[in-house]
Number of protein chains: 2
Amino acid sequence: MDKTEKCEKAEKCCDKRELIIQAALELVAEQGFHGAPMAMIAEKAGVGAGTIYRYFENKDDLIRWIYKNVEERFVEVMMQGYPENGPVRERLLHIGTALVRHLIREPLQLRFVEQFHNSPYGVDHRREKIFGEGRKDVISELFQEALQQQIFKPLELAILFSLFFGPLIDICRDHILGFIKLDDALIEQVVGACWDALRR
Amino acid sequence: MDKTEKCEKAEKCCDKRELIIQAALELVAEQGFHGAPMAMIAEKAGVGAGTIYRYFENKDDLIRWIYKNVEERFVEVMMQGYPENGPVRERLLHIGTALVRHLIREPLQLRFVEQFHNSPYGVDHRREKIFGEGRKDVISELFQEALQQQIFKPLELAILFSLFFGPLIDICRDHILGFIKLDDALIEQVVGACWDALRR
DNA sequence: CTCTTGCGAATGAACGGTCATTCCAAATTA
DNA sequence: TAATTTGGAATGACCGTTCATTCGCAAGAG
């Protein structure tokens, strides 16, 4: 009895936070920020409305925390099995297909970040991402390398990103909404098309 | 006096409507739907809050009406100087550059449709656009033609649209937000890159 | 072991503010 | 004057956040 109770308590403690996060993620993804009032998040998570404020300072804090985590997941996924020493093309195609596969496997995550990007948060976030102390992540470095090797058209990073990631995210949304039906072959075709847009 | 008054009345009548539309367009574009309450729209338009409801059934009606008009403007602009009998590539490049040039000239219109697309309205609208009785507009026909002539990669229309228009809209947003600086030469480069994505 | 006590976690009704929409008195027009 | 349009206060619904209260459990007392 003792141990069981302790376990339950420990779990409950962590669980509450997770339950809130999951509920908020789902509601925002499915209904947008308007359709995700704190009361509804609390109900869906099975906790009291006030309880959320024991774990998060306010709604913004909750939302930003979820976004940060989801974005980290994206990077993790793109880096899984990343052919570090392969040619640029292989590395980029890996990133593209890994991202698309992840996004259609986790539709809620995609819908959430889309909601986030198209909100007051979004602009600030993008601004910091573009101007914030010269990009040190693996993906930016890959693009820089391709530019130096004159593999890519000589365009700014922001434009190259739009050419590559823009359509990929669009087709994931269309897939999730049931407008198109992606399979592995089709994903490779589209990622290849995005590569063609970048290639000199 | 009679004529003047009549003119004034006629103008006033149309003017009020136009003022409301312009105010709503600006507020939604700049602040999103959250930042555009009816009271603020009324104030910006210089009319009473209730007056709006003499011209529009409700907020949805107002928003949809604006969207429809803005979208029509887009099509108009893309069709201006459209090289009806030119090769597919020339026609598509015309559409792309005309669209981009218009969007960065009318930032409010772009921001408005982006807000619209990322809202409950957006999904319904896109669904109807994709499934709604096989596309009869000039642009869809152009894409169909390119498919038949095996100029394009054999992909669904929705995907081809994403490959071409997705990045163009992205770069317009980045330009408007001051993240990049588009000029005519750069626009042509990017439109060309989007063409490369489509080309077999 | 039983009972009491103390305390942090959890709760949800209540608050202040904002929103879309309504409604009617006042203004304008005919 | 009669009819129509206008303005903006009033309305009611809803939201994020708060806070007085309750709850559950572990430690201490007997």
Side-chain angles (χ1 to χ4, degrees), chain A residues 1-28 30-67 115-116 119-121, chain B residues 1-21 23-25 27-28 30-67 115-116 119-121:
Chain A
M1 237 223 275
D2 317 340
K3 273 185 285 184
T4 310
E5 271 182 23
K6 274 193 178 179
C7 272
E8 265 183 19
K9 194 206 160 187
E11 267 178 29
K12 209 163 198 173
C13 192
C14 296
D15 244 1
K16 284 256 161 86
R17 217 187 135 90
E18 271 316 309
L19 285 171
I20 292 166
I21 288 168
Q22 190 59 26
L25 176 69
E26 287 181 26
L27 281 171
V28 171
E30 287 164 0
Q31 319 273 351
F33 287 101
H34 300 272
M38 292 298 256
M40 207 180 285
I41 293 172
E43 198 193 359
K44 185 157 190 152
V47 304
T51 306
I52 298 176
Y53 292 86
R54 300 206 63 76
Y55 296 97
F56 301 95
E57 203 179 310
N58 51 37
K59 195 174 184 178
D60 271 21
D61 186 37
L62 170 61
I63 298 299
R64 280 186 217 278
W65 199 91
I66 295 175
Y67 179 81
Q115 293 291 344
F116 186 91
S119 70
Y121 309 112
Chain B
M1 230 221 280
D2 318 339
K3 272 185 284 184
T4 310
E5 270 183 24
K6 271 193 178 174
C7 272
E8 266 185 18
K9 192 209 159 185
E11 266 177 32
K12 207 164 198 173
C13 190
C14 295
D15 242 3
K16 283 252 163 88
R17 220 187 132 90
E18 271 316 308
L19 285 171
I20 292 166
I21 288 169
L25 177 67
L27 282 171
V28 171
E30 287 164 0
Q31 319 273 352
F33 286 102
H34 301 273
M38 292 297 258
M40 206 179 287
I41 293 172
E43 198 194 0
K44 185 156 190 152
V47 304
T51 306
I52 298 176
Y53 292 85
R54 297 206 65 76
Y55 296 96
F56 301 95
E57 203 178 311
N58 51 37
K59 195 174 185 178
D60 271 22
D61 186 36
L62 169 62
I63 298 300
R64 281 186 215 278
W65 199 91
I66 295 175
Y67 179 81
Q115 293 291 344
F116 185 91
S119 70
Y121 309 114

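Treat the numbers as computed from the prediction; the structure is a model and nothing was measured. Letters A, B, ... are given to chains in the order of the sequence lines, protein chains preceding strands, and every chain is numbered from 1.
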Take atom [atom1] of [X] and atom [atom2] of [N], then tell me their distance rounded to the nearest Å.
X	N	atom1	atom2	value
B:I41	C:dT21	CD1	P	10 Å
B:R54	C:dT21	CZ	P	16 Å
A:I52	C:dG12	CD1	C1'	12 Å

Can you sort out the partners of B:E43 under side-chain contact (heavy atoms from CB on, under 4.5 Å), two or more places apart, ordered by chain and number?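 B:E43 satisfies side-chain contact (heavy atoms from CB on, under 4.5 Å) with no residue once adjacent residues are dropped.
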side-chain contact (heavy atoms from CB on, under 4.5 Å) partners of B:A23, counting only residues at least two apart: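 B:A23: side-chain contact (heavy atoms from CB on, under 4.5 Å) contacts with B:I41, B:K44, B:A45.
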Salt bridge (charged side-chain N to carboxylate O under 4.0 Å, His left out) contacts touching residues 31-40 of chain B (sequence neighbours left out):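 For residues 31-40 of chain B, and leaving out neighbouring residues, there are no salt bridge (charged side-chain N to carboxylate O under 4.0 Å, His left out) pairs at all.
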Once base and sugar-phosphate atoms are separated, protein heavy atoms under 4.0 Å mark nucleotides 15-23 of chain D, 5' to 3', with B, S and - as SSBB-----
Decide side-chain contact (heavy atoms from CB on, under 4.5 Å) for B:T51 and B:Y55; before the verdict, give the C-alpha distance in whole Å, the side-chain angles of both, and the deciding distance to 0.1 Å. CA-CA 7 Å; B:T51 306; B:Y55 296 96; 3.8 Å; yes
For a quick test of reading the model: is some side-chain N or O of A:K16 closer than 4.0 Å to OP1 or OP2 of C:dA9?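 For C:dA9, OP1/OP2 do not have a side-chain N/O of A:K16 under 4.0 Å.
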Minimum heavy-atom distance between A:K16 and A:V47, given as atom pair plus value: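 Answer, listing the atom of A:K16 first, then A:V47: CD-CG1, 3.4 Å.
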Here DNA chain C, pairs taken as Watson-Crick or G-U under 3.5 Å and shown with ( ), [ ] when crossing and | when to another strand, reads ||||||||||||||||||||||||||||||
Among C:dT11, D:dG7, D:dT6, the nucleotide that comes nearest once only the side chain of B:V47 is considered: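 Given the options C:dT11, D:dG7, D:dT6, the side chain of B:V47 is closest to D:dG7.
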Not counting sequence neighbours, which residues clear side-chain hydrogen bond (donor to acceptor under 3.5 Å, both in side chains) with A:D60? List them please.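 Expected list: A:Y121.
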Do A:I66 and A:F56 come within less than 4.5 Å of each other through their side chains, counting heavy atoms only?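 They are not in contact (no side-chain heavy atoms under 4.5 Å apart), so the answer is no.
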State, with a plain yes or no, whether a side-chain heavy atom of A:R17 is found less than 4.5 Å away from one of A:W65.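 Yes, at least one pair of side-chain atoms sits under 4.5 Å.
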